[in-house]
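These notes concern the structure reproduced below.
In what follows, residues are counted from 1 in the order of the sequence shown. When reading the values below, keep in mind they use all heavy atoms of this one structure, side chains included, and skip hydrogens, waters and symmetry mates.
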Amino acid sequence: MRAVPTATAVLLLAAISGSSRGQVSRHAMESRDSQTELTGRMIDRLFYQDDSPGWGFGPVCVAALPAATAENLLKTEPIARREPYKPGAMLRRFLDSPAADFDEIVFAQRVSGRDHWYGNFGHYCDDSPYSNGALIKRDEKRFAFGEGARLCRLDLRTGRLKVLLDDPRGGIRDPQVHYDGKRILLSYRPGGTEAYHLYEIDVDGANLRRLTDGPDNDIEPIYLPDGGIMFCSSRCHRFVPCWRTQVAVLYRCDGDGKNVRMISSNAEQENTPWMLPDGRVLFMRWEYVDRNQLLFHHLWTVNPDGTGLMVYFGNQHRGLAMLDAKPVPGTDKVVVSFSPGHGRAEHMGPPTIVEPRCGPDDMSVARRITKRDFRDPYALSEDDFLVADDRGIYWMDGRGHVEPIYTPSADDRALPVHEPRPLRSRPREPVMSHRVQTGEDVGTFVLYDVYEGRNMKGVRRGEIEKLLVLEQLPKPANFSGGQEPLTIGGTFTLERALGTVPVEPDGSAYFEAPAVRSVFFVALDADDLSVKRMQSFTAVQPNEIVGCVGCHERRVRTPHTRDAATPQALRRGPSRIRPFDGMPDVQDFSRDVQPILDRHCAACHNADRRDGGVDLSGDLTPLYTTSYWTLFTHALVSDGRNGMGNRAPRTIGSSASRLMMLIDGTHHDARLSQRERALVRLWIETGATYPGTYAALGSGMYAVRFPEAVVRRRCAECHTAKKPSYRNVKKGAFYYQFGRREPPQPLLSSIQDIILIRHLAYYQLGESRLYQAYCNLSRPAKSLFLRAPLAKSAGGLAICSRAVFADTEDEDYQAIRAAIDAAAAQLAERKRFGMNGFVPNKFYVQEMQNYGILPRPLPREHPLDVYATDRAYWKSFWHNSQTHQGGASGQSAFSR
């Protein structure tokens with residue numbers, strides 16, 4: 001029985017037909033995400049009963065409720081009618097067929113997550129308004145899961161339900177039945193605890209035993225044919241590069257939970273591993289190395305020992321999250337949830353059959369079974385599937401027809417159904433030989449011909465002389481869906497320059513790389529300028545040899561036979577990566593690049609002498625520096641840029657960056673030393689980031705709160721946008737057009753608005769800068785927002801068509817100046833990275849303490865070296881041949 005509010009009219013939306021059928025759910029009533037806020041007094045004992053055949057309510061409107069008087073209230077709760085259980089026609093057809101080798105299924109019930117498809121375990125990084133809407137808040141943490149769970153066993157012939165494990169405050173997920181059909185592997189979070197761990201339980205509910213432990217989450221386990229277990233885990237200690245939730249990537253362990261080993265080095269999520277009949281593991285990988293963060297989460301395979309990583313399907317097709325993929329028995333096909341766009345909560349999407357007979361990029365072999373959204377598809381044949389949603393479990397045929405086979409009772413509807421799987425024994429897949437030698441620290445790459453591949457038109461044979469080896473560096477914390485303050489519309493992660501390896505005249509390369517580290521490559525010419533950039537990542541296991549045909553080659557082809565001779569690189573031993581001596585491997589703009597601009601550029605390009613309208617001074621703006629904004633608004637730098645990937649040759653990186661031409665001595669004798677030029681080049685190739693530390697995240701941004709009435713009164717006459725912005729960044733706002741660059745924008749003063757509007761996340765080179773960037777917080781009087789409309793006689797630039805402010809005593813000028821001064825005072829007090837007295841975001845510190853990198857409590861007498869902290873963090877999960885696992889954590893990160 002639930003209370004509902006009284007009002008003249010109340011609209012109860014889809015939450016009723018989702019998590020509740022037969023009564024209004026507490027989740028629907030209390031959710032901050034409800035589409036309609038329910039207000040008014042509460043009426044007790046108002047009951048809704050659903051008589052529909054398994055589908056639940058549509059939207060319900062309750063209008064003009066009577067007063068809550070005794071005669072209008074139910075005296076007792078009515079009993080919902082439930083027909084005796086009887087298998088439907090589709091289920092009976094299967095049960096009566098020779099293919100029916102089981103009578104029972106197992107499934108989990110738990111509170112469904114409300115976040116993205118990956119946001120259903122672990123804790124949020126911060127205490128933002130979004131995170132404060134979490135289902136559970138405990139000990140200053142906000143968690144992405146709810147409380148209450150059951151593990152159930154259902155007899156499909158009789159409808160008899162047996163609860164194997166019941167925990168009203170815990171979490172249960174991802175059951176998988178062992179090959180012998182006698183035990184179940186699951187992820188379980190006992191009530192009152194924070195982390196999921198791997199457990200086993202007998203199929204009769206006896207002998208529950210924990211396999212893994214520790215502070216991290218172990219989820220989505222599967223049995224491996226070699227006796228081990230593969231699973232996803234947050235032991236990787238990283239956060240989603242574009243969100244506030246934790247990351248889980250592939251790990252494996254022995255069948256008893258011992259000898260846990262990191263399989264994947266991904267900075268992003270991996271999800272729902274499952275065995276293929278040939279002995280490989282199929283899984284979903286979300287990855288982006290400077291390509292769009294929302295669009296690439298597709299199917300990959302890997303061997304049970306971590307070797308042989310390869311794309312399986314869809315990685316060239318954006319806009320689908322391919323989740324919960326499993327083989328279709330007796331075929332080469334898989335069934336997968338094609339969760340639309342960036343993926344829906346709890347993996348909801350149309351079940352789809354995929355048969356990659358034409359390679360991994362041919363979408364014509366994908367057939368959607370039904371338009372209706374389900375989750376957790378499990379194929380029993382090409383015409384029989386188990387699927388689930390919040391309302392129950394269904395049998396689905398190959399044409400998309402469904403019939404309900406289990407609907408929770410009224411008392412259990414707050415716990416939606418997940419992961420239905422048959423309870424039966426099954427044969428093991430083939431056991432692959434293990435090729436990993438954990439006592440080694442490196443693996444080897446073999447590139448047959450760098451000139452072979454897609455989108456290589458115009459690259460002359462012999463043009464490429466080296467490969468620059470870069471490493472994507474995961475984030476220990478994150479506080480939004482954008483890149484700020486890391487970049488303006490570019491990379492979401494820091495990147496390390498490991499060094500270079502040679503490419504032979506025939507295009508071949510053979511080299512070592514550190515094991516279980518995310519590396520990617522840039523092909524360089526004789527001048528060390530970029531020719532072609534890889535915008536994905538790869539990795540090797542210890543002692544693994546990974547080969548590829550060429551640069552972004554088609555996955556359905558083998559090496560050409562232009563020369564039967566052994567590739568030149570293989571006629572010698574593998575090269576070792578040659579590092580850049582005396583230069584930082586992780587670039588920091590203010591520390592490494594700004595001093596070069598100060599020495600060679602700022603004399604002509606500063607706040608007072610803006611030759612060419614360019615200011616390259618290092619003055620701080622509310623976000624970034626004046627110089628950093630200038631490089632992107634004038635398109636002087638072509639960085640990794642958040643885009644679609646596989647760009648044409650020389651269209652990205654150092655070759656496409658005008659800045660490299662302006663510092664070669666031809667532009668007013670701005671001739672850099674060889675080392676200075678290399679620093680700028682490597683800064684561009686590593687993503688052209690602003691900070692060189694993740695400690696900058698969630699800090700140092702102090703926006704000017706423009707006096708909008710003043711600005712509109714004095715500026716709108718000339719600067720009202722003449723046409724709509726192609727980025728509608730704030731509904732109902734007044735749009736200005738300052739200068740000729742597009743798009744026009746409103747005056748945004750909220751950091752949250754600035755982040756959410758996607759102006760920064762999707763900023764393209766040459767666009768108008770955020771109008772906040774016209775404010776100088778280092779020297780407020782030098783702000784372009786003040787000086788452009790100020791008369792030259794008063795020290796202004798008079799860039800506007802007329803002098804809007806005759807002098808600095810103008811009250812409106814003073815109002816704008818006061819707003820800039822206020823932001824400058826905030827920055828001076830609270831600091832930005834690189835400033836004396838800077839203290840990182842407290843949640844960055846807390847996560848580093850959670851990982852054992854920083855001590856708890858943090859000694860106040862020791863200044864924190866944030867660069868050393870980051871390095872200790874990255875080193876903590878490097879493969880260590882001495883321990884056969886990630887490196888030891890807790891290394892000192894204090895300045896010495």
Checklist entry - Please walk me through it: do F374 and F385 pass ring pair (Phe, Tyr, Trp, His ring centres under 6.0 Å)? => result CA-CA 11 Å; F374 291 103; F385 303 86; over 10 Å; no
Checklist entry - When rounded to the nearest 0.5 angstrom, what distance separates CZ in F94 from CH2 in W395? => result 4.5 Å
Next on the checklist: Could you work out, with side-chain hydrogen bond (donor to acceptor under 3.5 Å, both in side chains) as the rule, every residue matching D115, not counting sequence neighbours?
Outcome noted: Y124, Y130, W243
Checklist entry - CD of E287 to NE2 of H297: how many Å apart, nearest 0.5 Å? => result 10.5 Å
Checklist entry - Is it true that E346 and R173 have a side-chain N and a carboxylate O under 4.0 angstrom from each other? => result no
Next on the checklist: Using a 6.0 Å distance limit plus a 45 degree cone around the ring axis, check whether R426 lies over the aromatic ring of Y223.
Outcome noted: no
Next on the checklist: Do P422 and V177 make a side-chain contact, defined as non-hydrogen atoms from C-beta onward lying under 4.5 Å apart?
Outcome noted: no
In a table with atom names and distances, give each donor-acceptor pair under 3.5 Å that connects a side chain of residues 349-357 to protein atoms at least two apart or in another chain.
residue : atom : partner : partner atom : Å
T352    : OG1  : P350    : O            : 3.1
E355    : OE1  : R357    : NH1          : 2.8

Item to check | Test log, rule side chain to side chain donor-acceptor pair (under 3.5 Å), inputs S264 and E270 | outcome: CA-CA 9 Å; S264 173; E270 288 163 343; 2.8 Å; yes
Checklist entry - Checking R157 side chain against L95 main chain: does a donor-acceptor pair fall under 3.5 Å? => result yes
Next on the checklist: I'd like to know if D204 and K162 make a salt bridge, using a cut-off of under 4.0 Å between side-chain N and carboxylate O.
Outcome noted: no
Checklist entry - Counting distance only, does the side-chain N/O of D305 pair as donor-acceptor with the main-chain N or O of T307 below 3.5 Å? => result yes
Item to check | Close side-chain approach of I172 to Y199, heavy-atom, < 4.5 Å | outcome: no
Checklist entry - Is the closest basic N to carboxylate O distance between R399 and D383 below 4.0 Å? => result yes
Checklist entry - Is there a donor-acceptor pair closer than 3.5 Å between any side-chain N or O of D376 and the backbone N or O of H418? => result no
Checklist entry - Is the shortest distance from a Lys or Arg side-chain nitrogen in R93 or D397 to a carboxylate oxygen in the other one below 4.0 Å? => result no
Checklist entry - Say you draw a straight line from CD1 of I229 to CG of L185; how long is it, rounded to the nearest 0.5 Å? => result 4.5 Å
Checklist entry - Which residue, I184, V106, D180, forms the side-chain contact (heavy atoms from CB on, under 4.5 Å) with V203? => result I184
Item to check | Chi angles and distances behind the side chain to side chain donor-acceptor pair (under 3.5 Å) call for Y179, E429 | outcome: CA-CA 10 Å; Y179 294 103; E429 298 82 13; 2.5 Å; yes
Checklist entry - Any side-chain heavy atom of C253 within less than 4.5 Å of one from L211? => result no
Checklist entry - Sub-3.5 Å donor-acceptor pair from the side chain of S339 to the main-chain atoms of R344, do we have one? => result yes
Checklist entry - Can you tell me how far CG of D216 sits from SG of C236, rounded to the nearest 0.5 angstrom? => result 8.0 Å
Next on the checklist: What I want to check is whether the side chains of S233 and D218 have a donor and an acceptor closer together than 3.5 Å.
Outcome noted: yes
Checklist entry - Can you find a side-chain donor-acceptor pair between Y288 and E268 that sits under 3.5 Å? => result yes
Checklist outcome for this item: Taken to the nearest 0.5 Å, the spacing of L309 CG from R285 CZ works out to 4.5 Å
Next on the checklist: When you measure from the side chain of R372 to the backbone of T370, do you find a donor-acceptor pair of N or O atoms at a distance under 3.5 Å?
Outcome noted: no
Checklist entry - Quick one: does D389's side chain get under 4.5 Å of M348's, heavy atoms only? => result yes
Next on the checklist: For the residue pair D167 / Y188, report whether a side-chain donor-acceptor contact shorter than 3.5 Å exists.
Outcome noted: yes
